[in-house]
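Everything on this sheet refers to the single structure shown next.
Here, residue 1 is the first one in the sequence, and each next residue gets the next number. Just so we're clear, the structure is a prediction, and the values are computed from it rather than from any experiment.
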Amino acid sequence: METVELKVEMVGIHEKRLRKSLSKLKGVEKVEVDAGRQKVAVRSYIHRNKILKAIRRGGLKADFWSPQNELLSAYGAFRFCPYTSFFF
């Protein structure tokens with residue numbers, strides 16, 4: 001049994017589409033979705049690449065979760081924009 005964590009770009013309505021695409025796979029035991037952090041944890045017997053492929057086939061952008069994503073989700077509201085200036 002392996003738990004695969006993925007970063008999936010989604011809006012609240014995409015959660016249903018995500019669960020549907022993962023429920024079609026045999027061997028998926030549990031799917032946890034954190035829409036606020038755009039994180040999905042899948043507990044299954046399936047290889048992680050097949051899970052990623054199934055999500056992408058559902059029409060969602062996805063990639064494997066990394067420690068860098070942890071930082072981005074924590075500070076998601078504070079983003080750098082090169083076109084703004086603090087000087088007037």
When the side chains of residues 20-29 are checked against the rest of the protein, which donor-acceptor pairs come out under 3.5 Å, sequence neighbours left out?
unit_1, atom_1, unit_2, atom_2, d
Ser21, OG, Arg17, O, 3.4
Ser21, OG, Leu18, O, 2.9
Ser23, OG, Arg19, O, 3.3
Ser23, OG, Lys20, O, 2.9

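Here the closest non-hydrogen pair linking Arg56 and Asp63 is NH2-OD1, 4.2 Å.
In this structure, Glu2 and Tyr45 have side chains that are not in contact, with every pair of non-hydrogen atoms separated by 4.5 Å or more.
Remark: Lys30 pairs with Glu32 by the side chain to side chain donor-acceptor pair (under 3.5 Å) rule, at least two apart or across chains. Residues passing the salt bridge (Lys or Arg N to Asp or Glu O under 4.0 Å) test with Glu5 are Lys39, sequence neighbours excluded.
Taking hydrophobic clusters as Ile, Leu, Val, Met, Phe, Trp and Tyr residues chained together by side-chain heavy-atom distances below 4.5 Å, Phe64 shares a cluster with Leu60.
If you take NZ on Lys53 and NE2 on His47, they are separated by 11.0 Å, rounding to the nearest 0.5 Å. Atom CD1 of Ile51 is separated from atom CG of Leu6 by 7.0 Å, given to the nearest 0.5 angstrom. Taking CZ from Arg57 and CG from Leu52, the interatomic distance works out to 10.5 Å, rounded to the nearest 0.5 Å.
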